[in-house]
Number of protein chains: 2
Amino acid sequence: MTIINEYKDHDRMLIAVDCIIFGFDGENLKALLIKRDFEPGLGNWSLMGGFIKNEESVDAGAARVLQELTGLTDIYMEQLYCFGEVNRDPGGRVISISYFALIKINGSLQLMKEHNPKWFNIQRLPAMVFDHKKMIELAKERIRIRAASRPVGFELLPEKFTLPQLQKLYEAIYDATFDKRNFSRKILSLNILKKLTIKEKTSSKKGAFFYMFDHNKYKKLEHQGVKFI
Amino acid sequence: MTIINEYKDHDRMLIAVDCIIFGFDGENLKALLIKRDFEPGLGNWSLMGGFIKNEESVDAGAARVLQELTGLTDIYMEQLYCFGEVNRDPGGRVISISYFALIKINGSLQLMKEHNPKWFNIQRLPAMVFDHKKMIELAKERIRIRAASRPVGFELLPEKFTLPQLQKLYEAIYDATFDKRNFSRKILSLNILKKLTIKEKTSSKKGAFFYMFDHNKYKKLEHQGVKFI
DNA sequence: TCAAAAGTGTTGACCCTACACCCATGG
DNA sequence: CCATGGGTGTAGGGTCAACACTTTTGA
């Protein structure tokens with residue numbers, strides 16, 4: 001790429017991305033952190049991050065960093081905020097663009113062990129390097145906003161899920177409890193779930209019907225605004 | 001600042017800020033653009049922007065850029081989004097952090113002529129360089145979200161304003177018309193406006209009462225969530 | 001006296017919340 | 001047969017949208 005004259009005399013900086021990776025274990029909303037074995041912050045908990053390369057977009061860099069830890073591609077990711085304080089990183093002037101990702105925790109998920117990953121309940125986060133705690137707090141706010149009006153919750157659940165599972169997820173996201181009659185009425189009235197004929201029987205004797213999210217039905221409603229909560 | 005070893009081998013880039021500056025002329029929501037007399041994009045319309053320096057935060061850089069065009073400090077500004085495509089700027093690899101600002105258009109506003117500034121109705125924007133149109137579209141969405149639940153509208157009005165003026169502002173922001181009975185009832189029921197005893201008499205014979213935004217009353221309500229629209 | 005904008009109340013529809021009991025089944 | 005979690009309906013209150021006439025006063 002050619003650099004034009006007007007741009008020559010300005011400062012250049014490192015651009016990082018940091019990923020808040022959310023998961024749901026059936027009970028609690030979780031964030032995936034790594035224990036750093038490199039400086040700065042060696043030995044401390046941190047978000048998974050990395051530096052943007054000249055030939056990749058910031059979005060692509062965030063997707064790459066997510067993949068480096070989880071192996072996953074085609075994941076729901078959203079840019080959160082740019083953190084640009086001068087001394088936010090003691091290792092140098094680094095501007096960080098934070099992203100959050102929603103992934104499914106299930107049997108097939110294979111985390112890269114060399115990063116020392118660990119899931120933490122978002123209610124009980126450890127001390128973290130730099131401004132990473134602030135990033136997670138912002139991500140918690142953002143996921144609440146999104147979950148209220150977009151079908152992001154389904155990114156955190158298995159393809160087939162029950163209404164009680166979906167309700168527990170929303171309760172974890174909002175740190176609240178909902179009345180199950182009101183919850184199921186509201187969700188089902190959106191008419192974006194397909195009810196299956198099979199039941200989930202591990203968590204109760206009666207068994208709860210499985211549902212699937214119907215992307216096509218949602219697409220038709222999307223433009224007119226939908227309220228999940 | 002010392003740069004540690006782990007950071008040495010990564011790419012460094014230019015960081016720009018671009019400011020969407022909104023104003024309200026009593027009828028329409030406006031955006032302030034400049035006509036570039038420098039490359040790339042010489043002769044085209046553009047947002048006011050600039051490069052971040054090593055010793056300033058991104059927020060501070062945005063405030064500086066705003067001041068360079070308007071002379072204003074202590075202005076409502078909010079970070080909008082980071083635009084990080086590889087080829088978004090033909091002049092080189094530049095990551096742009098966009099901000100939007102809300103300023104009052106009134107007699108005392110002195111724009112720096114050397115930047116060739118011009119106010120445009122946000123309904124009728126000219127062609128613009130790079131991804132600046134996308135930035136403005138995003139800013140329009142964001143100001144709608146903000147104006148619905150935070151008192152940002154008052155940043156665009158004179159200190160003293162009438163209810164019809166406030167309503168016209170909201171109508172411009174949402175590109176919609178509201179019933180004036182419903183509008184005034186909703187706004188006044190929030191109990192965050194001080195009614196003055198004087199009237200604005202230029203736009204009608206009867207005259208409309210002036211109001212002022214009461215910051216203290218709003219602060220007490222802020223935490224419980226307020227709905228303007 | 002007239003034109004032009006300001007100001008003001010009521011009603012019906014809808015939505016949201018609160019709330020309790022029966023069902024199915026595995027052990 | 002009983003303990004456990006799944007599933008369902010209704011009534012009251014509050015909020016929102018629709019709607020029209022009177023007031024003021026400068027020209």
Side-chain angles (χ1 to χ4, degrees), chain A residues 25-28 144 147-149 157-158 160-172 174-212 221 224-229, chain B residues 24-28 144 147-149 157-158 160-212 221 224-229:
Chain A
D25 66 359
E27 285 295 326
N28 291 296
R144 288 178 180 183
S149 59
L157 289 172
K160 296 172 177 138
F161 53 86
T162 66
L163 285 186
Q165 284 167 358
L166 185 63
Q167 181 172 347
K168 276 202 170 150
L169 169 60
Y170 273 83
E171 289 179 337
Y174 291 98
D175 191 20
T177 58
F178 302 122
D179 180 275
K180 63 177 172 176
R181 288 161 291 191
N182 294 337
F183 182 82
S184 76
R185 184 184 22 253
K186 196 182 295 191
I187 294 289
L188 293 176
S189 74
L190 297 176
N191 213 32
I192 54 174
L193 296 187
K194 254 200 302 273
K195 186 176 188 172
L196 306 186
T197 53
I198 52 174
K199 283 184 162 187
E200 194 281 332
K201 307 266 293 184
T202 66
S203 63
S204 78
K205 292 162 183 168
K206 183 177 179 183
F209 280 103
F210 276 118
Y211 288 81
M212 287 180 68
L221 301 175
Q224 43 175 291
V226 170
K227 271 190 66 183
F228 289 84
I229 292 292
Chain B
F24 179 64
D25 66 359
E27 284 295 327
N28 291 295
R144 288 178 182 184
S149 60
L157 290 172
K160 294 173 178 139
F161 53 86
T162 66
L163 285 186
Q165 284 167 357
L166 185 62
Q167 180 171 350
K168 277 202 169 150
L169 169 60
Y170 272 84
E171 290 178 336
I173 291 174
Y174 291 96
D175 192 20
T177 58
F178 302 122
D179 180 274
K180 64 178 172 176
R181 287 161 291 189
N182 293 338
F183 181 83
S184 77
R185 182 182 25 252
K186 196 182 294 190
I187 295 289
L188 293 176
S189 74
L190 297 175
N191 214 31
I192 55 174
L193 296 187
K194 254 200 302 272
K195 186 176 188 171
L196 306 185
T197 53
I198 52 175
K199 283 184 162 189
E200 194 281 333
K201 306 266 292 181
T202 66
S203 62
S204 79
K205 290 160 184 169
K206 184 178 179 182
F209 280 103
F210 276 117
Y211 288 81
M212 286 180 69
L221 301 175
Q224 43 175 291
V226 169
K227 272 190 65 184
F228 289 84
I229 292 290

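Below, chain A is the first sequence line, B the second, and so on; all start at residue 1.
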- Task: Take the protein atom NZ of B:K227 and the nucleotide atom C1' of D:dC16, then report the distance between them rounded to whole Å.
- Result: 9 Å
- Query: Could you state the NZ-C1' distance from A:K195 to D:dG6, rounded to the nearest angstrom?
  - Reply: 10 Å
- Item | Under 4.0 Å protein heavy-atom contacts per nucleotide of nucleotides 17-27 of chain C, with B for base, S for backbone only and - for none | BBBB--BBBB-
- Item | For atom CD1 of B:I187 and atom P of C:dT8, their distance in whole Å | 15 Å
- Message: Distance check needed: C:dG7 P versus B:L188 CG, whole Å only.
- Response: 10 Å
- Those residues that, when tested against B:F209, pass side-chain contact (heavy atoms from CB on, under 4.5 Å) (two or more places apart): B:K195, B:K199, B:Y211
- B:Q167 atom CD is separated from C:dA5 atom C1', nearest whole Å, by 12 Å
- Could you tell me the separation between the CZ atom of B:F183 and the C1' atom of C:dA6, rounded to a whole number of Å? 14 Å
- Query: Can you name the side-chain contact (heavy atoms from CB on, under 4.5 Å) partners of B:Q165, sequence neighbours left out?
  - Reply: B:F161, B:T162, B:E200
- Query: A:L163 CG to D:dG7 P: how many Å, rounded?
  - Reply: 6 Å
- Message: Using a heavy-atom cut-off of 4.0 Å across all strands, would you classify B:S203 as base, sugar-phosphate, or nothing?
- Response: sugar-phosphate
- Task: Please list, chain by chain and in numerical order, all residues satisfying salt bridge (Lys or Arg N to Asp or Glu O under 4.0 Å) with B:D175, sequence neighbours excluded.
- Result: none
- Task: Apply side-chain contact (heavy atoms from CB on, under 4.5 Å) to A:I192 and A:F228, showing your working.
- Result: CA-CA 11 Å; A:I192 54 174; A:F228 289 84; 3.5 Å; yes
- Task: Send over the distance from A:F178 CZ to C:dC15 P, rounded to a whole Å.
- Result: 19 Å
- Task: Scan for side chain to side chain donor-acceptor pair (under 3.5 Å) pairs involving residues 180-193 of chain B, sequence neighbours excluded, and state none if there are none.
- Result: B:D179-B:R181, B:N182-B:R185
- Note on the structure: Across all chains, not counting sequence neighbours, the side-chain contact (heavy atoms from CB on, under 4.5 Å) partners of B:I229 are B:Y170, B:Y174, B:F178, B:F183
